[in-house]
Amino acid sequence: DKLDDIIGSGTLRCAVVLDFPPMGSRDASNNPVGFDVDYCNDLAKALGVTAEIVETPFPERIPALMSGRVDVGVASTSDTLERAKTVGMTIPYFAFEMAVTANEKSGVKSFEDMKGKVVGATAGTYEAIALEEQVKAWGEGEFRPYQTQADVFLALSQGQIDATVSTSTVAQANVKSGNFAGLSVVGKAPFDTDYVALFTNREEYGLINYLNLFINQQVRTGRYAELYEKWVGGEAPDLTVGGVYR
Amino acid sequence: MFDTALTWNDLVFLGQGAAMTLAVTVVSVAAGTIMGFVFGVIRFQAGPVWSMPLMFFLDIFRSVPLLIQLVLGNALQSIAKLGWPPFTTSCVVLSLYTAAYCTEIVRGGIASVPVTTRRAARSLGMTWGQDMRYIVAPLATRVSLPAWIGLTLGVMKDSALVLWLGLIELLRASQILVTRLQEPLFILLICGAIYFIISFPIARFGGYLERRWSPHD
Amino acid sequence: MFNYTFHWNQALRALPQMLDGALVTLQVAVLSMVIGLACAIALTVFRLSGNRVLSGFAAVWVEVARNTPALFQIYMAHFGLGNFGIHLSPYAALLAGIAFNNAGYLAENFRGALKAIPDTQTRAARSLGMTWLQAFHFIVLPQMLRIAYLPATNQMVWAILMTSLGVTVGMNTDLAGVTQELNARSFRTFEFFAIAAVIYYVIAKAVTLAARALAWRMFRY
Amino acid sequence: MIEIENVHKSFGSLEVLKGINLNVDNGEVVTIIGGSGSGKSTLLTCINGLEPINAGRIRIDGTEVHAKTTDLNRLRQKVGIVFQQWNAFPHLTVLENVMLAPRKVLGLPKEKSEEIAVKQLTHVGLRDKLSVYPSRMSGGQQQRMAIARALAMSPEYMLFDEVTSALDPMLVGEVLDTLKMLAEEGMTMICVTHEMAFARDVSDRVAFFHQGVMAEIGVPDQIFGSPQRPETQEFLGSVR
Amino acid sequence: MIEIENVHKSFGSLEVLKGINLNVDNGEVVTIIGGSGSGKSTLLTCINGLEPINAGRIRIDGTEVHAKTTDLNRLRQKVGIVFQQWNAFPHLTVLENVMLAPRKVLGLPKEKSEEIAVKQLTHVGLRDKLSVYPSRMSGGQQQRMAIARALAMSPEYMLFDEVTSALDPMLVGEVLDTLKMLAEEGMTMICVTHEMAFARDVSDRVAFFHQGVMAEIGVPDQIFGSPQRPETQEFLGSVR
Ligand SMILES: Nc1ncnc2c1ncn2[C@@H]1O[C@H](COP(=O)(O)OP(=O)(O)OP(=O)(O)O)[C@@H](O)[C@H]1O
Ligand SMILES: Nc1ncnc2c1ncn2[C@@H]1O[C@H](COP(=O)(O)OP(=O)(O)OP(=O)(O)O)[C@@H](O)[C@H]1O
Ligand SMILES: [Mg+2]
Ligand SMILES: [Mg+2]
């Protein structure tokens with residue numbers, strides 16, 4: 001099966017999104033770095049193979065897997081039921097809190113202030129879907145999906161949109177980078193925690209089992225906390241949900 | 001005038017993007033032209049009725065947005081487990097896209113050679129192949145070349161869309177730099193200038209050829 | 001080789017939504033053509049005006065429109081202008097980008113058409129006592145329109161295809177935007193984009209056929 | 001009466017007309033012959049003001065053509081002109097071609113201008129072609145239509161610039177016959193032509209142009225029978 | 001010897017040749033005259049196999065042209081043909097035009113084919129035009145080049161299809177002179193022409209075609225002097 005194939009071939013090819021700091025981005029010499037990049041490297045080490053980072057924009061993650069161009073997605077992919085109809089999801093390997101980032105000129109100070117404003121998020125992400133729903137519920141304002149996280153923050157800093165909801169890690173990383181003047185994280189968004197999973201082909205149970213165990217081991221050995229500290233900082237979020245078996 | 005954080009390294013990165021744009025263009029136009037040539041000859045020889053299925057197939061590539069074609073092509077190859085890298089997928093889709101336009105150019109070129117000239121060739125004892133090679137090909141090339149150059153430039157510009165599949169071509173390279181450096185206008189202007197520098201002289205040359213060759217000779 | 005199961009049902013359920021998107025697509029395309037035509041006429045007049053500034057402006061517009069990717073132009077309209085604090089909504093940016101592109105190509109088309117009308121036509125008209133304006137209106141313009149018509153309908157088809165680029169600037173109401181959103185939610189890329197492709201094809205063909213029928217009625221000579 | 005007085009005309013540094021003098025009386029038919037590039041067409045386009053002149057004076061019925069105050073569009077209604085080719089407006093039917101100027105320039109009502117157009121088209125023998133597009137007609141028919149179109153403005157003078165030289169030899173006759181008919185009806189005409197037999201038949205006077213100068217002018221018998229100037233002799237020799 | 005036996009030829013439902021019989025002996029010159037659309041050109045293109053026929057038989061030196069087994073490319077080397085116009089390959093110089101077939105079809109070496117080409121071009125009086133492109137030559141020169149090109153294949157038969165009718169009247173003479181020269185040298189020729197004087201001068205026999213039928217054939221004096229059939233009389237009357 002695929003697990004054997006990976007071990008046999010000696011390389012693990014991971015789909016990683018590289019405009020999604022701190023999970024994935026490029027350093028000054030335009031090489032890939034980030035939490036997901038390290039996570040993939042750890043997985044490769046565990047398997048005893050070398051890692052190959054395949055950059056995939058958000059919309060390209062699934063086709064890359066389906067066509068066998070990558071083995072595993074380490075791409076901050078929300079584990080929605082809709083998507084699980086198409087690909088096989090592991091247990092969560094990371095969890096995002098949602099934060100509101102606003103352009104200071106817009107006067108948005110909290111999630112509620114976003115009502116009636118122009119807001120945006122990265123198309124197809126968990127938070128985009130939730131935010132779009134919310135805008136509809138409010139009945140005023142406008143929602144704009146951009147294709148990359150970078151475009152969202154670019155639009156935000158230009159004032160094309162007033163505020164965005166993104167994962168708090170991304171929000172912090174972008175604001176801290178100093179690239180964007182006049183932006184600040186103004187609060188949390190009252191959305192459920194966004195659990196993200198590794199994914200591979202739906203029928204590769206052997207591999208999925210291995211990945212589940214690997215995620216478990218990462219937490220157990222403290223590597224998860226270590227990586228979190230390195231890329232995000234602070235208390236690593238809990239990956240379990242109370243009151244239910246998985 | 002511009003106070004920029006853009007480094008030499010980043011310019012090299014843009015250059016690599018431009019090289020990718022050119023690579024995709026060259027491969028696609030080469031493959032597309034070969035296919036277009038074959039299809040065009042078939043189309044001319046078979047006549048409008050018999051070449052209908054071929055024309056319908058090619059028409060799809062001219063009536064559906066390239067973006068959709070790329071996404072679909074990529075999805076299709078992934079479903080078929082072909083395992084193509086984005087470069088291959090991009091080139092395959094763009095080649096077919098090129099071929100669809102090229103077919104008409106080739107057909108038009110062949111049709112522009114007067115029947116009597118071809119008859120003159122055949123009546124000297126030349127075979128169909130010799131006629132095609134020594135008479136039709138050179139004459140049709142003159143008629144078609146300006147349009148073909150236009151097509152090539154069109155494909156070069158349209159190839160920007162392959163960024164959708166994750167290929168880092170010129171526009172995508174610029175976007176990456178914009179993300180890091182936050183100087184959208186400056187970097188995009190450089191990007192536009194590079195496109196212009198590649199495209200404009202060739203376009204002018206095409207226009208020159210058109211004027212030069214427009215009646216005959 | 002295939003172990004992918006197609007979920008057509010799910011995709012077809014989204015068809016009404018996609019058709020709504022198609023309407024937006026058509027709307028943007030038509031508007032961009034109207035604006036593009038108006039700009040192209042202005043550009044053509046500028047180019048003929050003999051005024052250096054005006055004709056230079058027109059030349060730069062035409063060359064930039066024709067020598068850079070449409071995607072770039074749309075991206076510029078949104079993020080490039082945004083840098084100056086000029087904020088175009090995705091809809092407006094898309095419209096502006098395509099209209100800019102259309103204007104460039106149409107202006108070039110008009111110039112070619114004008115050149116194709118022999119000088120003697122204007123002379124013949126003028127020598128019947130027509131003013132310059134009358135000669136242009138009754139003699140040059142109708143002939144020019146006929147020559148420019150076919151390339152203009154091609155441009156219309158391209159405008160339709162170009163609308164799909166709106167997704168890059170946050171457009172989510174046109175056909176490509178709707179499709180992409182559906183795709184991002186479900187990862188059913190092939191099904192949704194295949195349906196979108198069919199819709200685009202039908203629109204493009206319908207426009208081409210309508211244009212031909214119109215030409216048949218308009219140009220009898 | 002057309003009075004041409006010492007007209008000079010240059011295109012850039014090339015002097016094409018070097019002081020032309022010519023009076024054409026009402027009812028007179030003057031033909032102009034001469035080698036290619038001798039300035040024949042240029043003179044005609046100067047007469048109806050399509051080209052400005054550099055020196056001299058052209059008067060039509062006493063009105064100076066190139067004066068600032070002259071309403072050229074007005075004047076041109078008086079002076080019809082037909083060119084060598086591409087005279088027909090291809091997007092209009094024959095009838096519309098002829099009706100257009102009476103309607104738009106003279107401002108006549110539709111019925112009236114149609115009446116005029118039909119009359120003139122009948123005159124040149126195109127009564128049965130009213131709703132045909134020019135592209136469906138022979139070159140000769142197109143030229144006759146162009147003549148009818150000029151006549152529909154009731155001009156007092158007609159200028160013809162080699163109206164037959166782009167035609168198939170077979171079609172030349174029908175157009176020349178139309179010109180002859182006009183001449184017989186007393187129209188004042190200046191015809192540039194290469195058809196020597198026609199020039200001889202129809203003209204009251206024949207002018208020979210050579211390199212921007214009117215080298216010789218006289219009645220047909222004199223010009224064709226005993227040309228005075230060596231250039232004229234040479235030209236006539238080469239034509240026959 | 002060319003033997004044409006009861007040849008029928010249709011384009012779709014239009015029967016263009018309705019049973020033609022004609023033998024042309026070696027060294028003989030046959031001219032074909034007749035109205036437009038009477039099938040003259042069609043017959044020539046059938047003779048060298050450019051068009052298939054529907055019934056009948058054409059043999060050249062005993063080889064049946066339309067038999068499946070016949071190598072048409074071979075046969076055509078024996079039968080040269082020159083058309084009304086667009087004969088020249090515009091992308092090649094005059095010399096290259098004439099050299100092409102000997103090199104590519106006969107497979108001769110470059111020097112040899114150049115020698116042949118120069119010889120034939122000298123023959124038709126184009127020795128000084130070797131490196132000129134056809135577009136720089138007059139129509140008459142182009143036609144002479146086309147004749148030289150056909151002759152360079154050393155054909156035994158030559159077919160000419162109105163080789164002068166697209167030419168300026170001034171250029172007709174030079175081409176007809178070339179044909180006359182060939183006839184005098186003993187070439188077997190079939191010439192379709194509208195030049196009656198030429199037909200009378202050069203032909204051994206003249207054939208008159210009418211609506212797909214060879215209405216009459218005979219020596220020139222008989223056909224032009226005392227045509228038997230009313231169609232022939234009418235045609236000759238209209239031409240003169
Ligand atoms: N618009 C123009 N600009 C520059 N040169 C011109 C223009 N029109 C005519 N000429 C030049 O003026 C000269 C006279 O031209 P014109 O047409 O009057 O000659 P023509 O006697 O009518 O000759 P043809 O018999 O060939 O018609 C020619 O050398 C021509 O090249
Ligand atoms: N390829 C073709 N397809 C259909 N009809 C044709 C074709 N070639 C010729 N014809 C028709 O066949 C008839 C005879 O044509 P052909 O060219 O042999 O006449 P022709 O005697 O050479 O006349 P001309 O003197 O005008 O050259 C004409 O009615 C013509 O329209
Ligand atoms: Mg002239
Ligand atoms: Mg013929």
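Note that the coordinates shown come from a computational prediction; the quantities given were computed from them, not determined experimentally.
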Inset, instruction - Given side chain to side chain donor-acceptor pair (under 3.5 Å), test D/His123 with D/Glu185 step by step and report yes or no. - result: CA-CA 12 Å; D/His123 201 164; D/Glu185 289 168 13; 2.6 Å; yes

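- With chain C as the partner, the residue from D/Gln84, D/Met153, D/Arg74, D/Arg76 showing the most heavy-atom pairs under 4.5 Å is D/Arg76.
- A cation-pi arrangement is present between D/Arg149 and D/Phe89 under the rule of less than 6.0 angstrom and at most 45 degrees off the ring axis.
- Partners of D/Ser154 by side chain to side chain contact (heavy atoms under 4.5 Å, CB included), not counting sequence neighbours: none found.
- Side chain of D/Asn97 to backbone of D/Leu92: a donor-acceptor contact under 3.5 angstrom is found.
- If you measure heavy-atom distances from D/Glu96 to chain C, you find no contacts under 4.5 Å at all.
- Heavy-atom neighbours of chain D within the stretch residues 127-137 of chain C, taken at a separation under 4.5 angstrom, comprise C/Ser127, C/Leu128, C/Gly129, C/Met130, C/Thr131, C/Gln134.
- Listed options D/Pro102, D/Gly49, D/Ala88 were ranked by heavy-atom pairs under 4.5 angstrom with chain C; first place goes to D/Ala88.
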Inset, instruction - Could you walk me through whether D/Thr188 and D/Glu156 pass side chain to side chain contact (heavy atoms under 4.5 Å, CB included), step by step? - result: CA-CA 7 Å; D/Thr188 313; D/Glu156 292 166 34; over 6 Å; no

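- Within the 4.5 angstrom heavy-atom criterion, atoms from both the backbone and the side chain of D/Asn87 approach chain C.
- Checked by atom type and distance alone, the side chain of D/Tyr157 never pairs as donor or acceptor with a backbone atom of D/Asn48 at under 3.5 Å.
- If you measure heavy-atom distances from D/Thr45 to chain C, the contacts under 4.5 Å come from the side chain alone.
- If you measure heavy-atom distances from D/Val82 to chain C, you find no contacts under 4.5 Å at all.
- The backbone N or O of C/Gly21 lies less than 3.5 Å from no partner atom in the side chain of C/Asp174, so there is not a single donor-acceptor pair.
- With D/Thr70 contributing its side chain and D/His66 its backbone, the two residues share no donor-acceptor pair below 3.5 Å.
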Inset, instruction - Go through the steps to decide whether C/Trp61 and C/Phe100 satisfy the test ring-ring contact (aromatic ring centres under 6.0 Å, His included), and finish with yes or no. - result: CA-CA 8 Å; C/Trp61 181 323; C/Phe100 175 82; 5.2 Å; yes

